[in-house]
Amino acid sequence: MEELTFKSALTSEEIEKNFQNIDFFSGVMAGLEEARAYAEGQAAEDTLVRKRTLPVINVSEIRESLSMTQKDFAAVLGVSRRTVEAWESGRSNPTPTAKKLMFLIQGDHSLVERL
């Protein structure tokens, strides 16, 4: 695996100085407290909320609309045939990424050729 590198016009010292007075733990804790308050209906009026919802999909319907076998559909998605079978039977649920990918494929069948 290739090592990740970070490039900046700032020197290491300048970067370190920029973060000198920042307490990352406090920032994370504040965010968690804000999320808890929102979940309990006690968020401040100016709280910004971004709610992400996953699309509702029917795996077998999508696969059948493509005239694909479970094995072929699994290969396109990068999962096993058993995984597709489990999704279709309701024994397990697709990951959020798989759901989004299938949703996109449902709207544009030509994506299958590019995968």
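FYI, side chains are in, hydrogens and waters are out, and symmetry mates aren't considered; it's all heavy atoms of this structure. What you see is a predicted model; the values in this text were computed from it and never measured.
Hydrophobic clustering places L115 together with W87 (ILVMFWY residues linked when any side-chain heavy atoms are closer than 4.5 Å, directly or through intermediates). Residues V56 and M102 fall into different hydrophobic clusters, defined by Ile, Leu, Val, Met, Phe, Trp and Tyr side chains chained together at heavy-atom separations under 4.5 Å. Criterion: ILVMFWY side-chain heavy atoms under 4.5 Å apart, direct or through other members. Under it, L111 and L101 are part of a common hydrophobic cluster. Clustering ILVMFWY residues whenever any of their side-chain heavy atoms sit less than 4.5 angstrom apart, transitively, puts I15 in the very cluster that holds I22. In the hydrophobic clustering of ILVMFWY residues, with side-chain heavy atoms under 4.5 Å counting as a link, V79 and V112 come out together.
Other residues, nucleotides and ligands contribute only 12 or fewer heavy atoms inside 6.0 Å of the CZ atom of F25. The environment of CD in E40 is crowded: more than 12 heavy-atom neighbours from other residues, nucleotides or ligands sit within 6.0 Å.
Residues S89 and R91 bring a donor and an acceptor atom of their side chains to less than 3.5 Å of each other.
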message: Set out, in order, the CA-CA distance, both residues' side-chain angles and the distance that settles side chain to side chain contact (heavy atoms under 4.5 Å, CB included) for I105 and L77, then state yes or no.
response: CA-CA 10 Å; I105 290 170; L77 297 174; 4.1 Å; yes
- prompt: Given the rule in the side chain to side chain contact (heavy atoms under 4.5 Å, CB included) test, do F73 and V59 qualify, once you have shown the distances and angles that lead to the verdict?
  reply: CA-CA 10 Å; F73 194 53; V59 178; 4.0 Å; yes
- request: Start with the C-alpha gap between L66 and V76, add the side-chain angles, then the distance that decides, and say whether side chain to side chain contact (heavy atoms under 4.5 Å, CB included) holds.
  value: CA-CA 11 Å; L66 296 164; V76 167; over 6 Å; no
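Minimum interatomic distance between Q70 and E88 (heavy atoms only, all atoms of both residues): NE2-OE1, 2.8 Å. Heavy atoms only, all atoms of each residue included: S65 and I62 are closest at OG-O, 2.7 Å.
A donor-acceptor contact shorter than 3.5 Å links the side chain of R63 to the backbone of M68.
Salt bridge present: E33 and R36 bring a charged side-chain N and a carboxylate O closer than 4.0 Å.
Separation of atoms CD (E64) and CG (N58) is listed at 8.0 Å; rounding is to 0.5 Å.
No option in Q106, K100, K99 other than Q106 meets the side chain to side chain contact (heavy atoms under 4.5 Å, CB included) test with F103.
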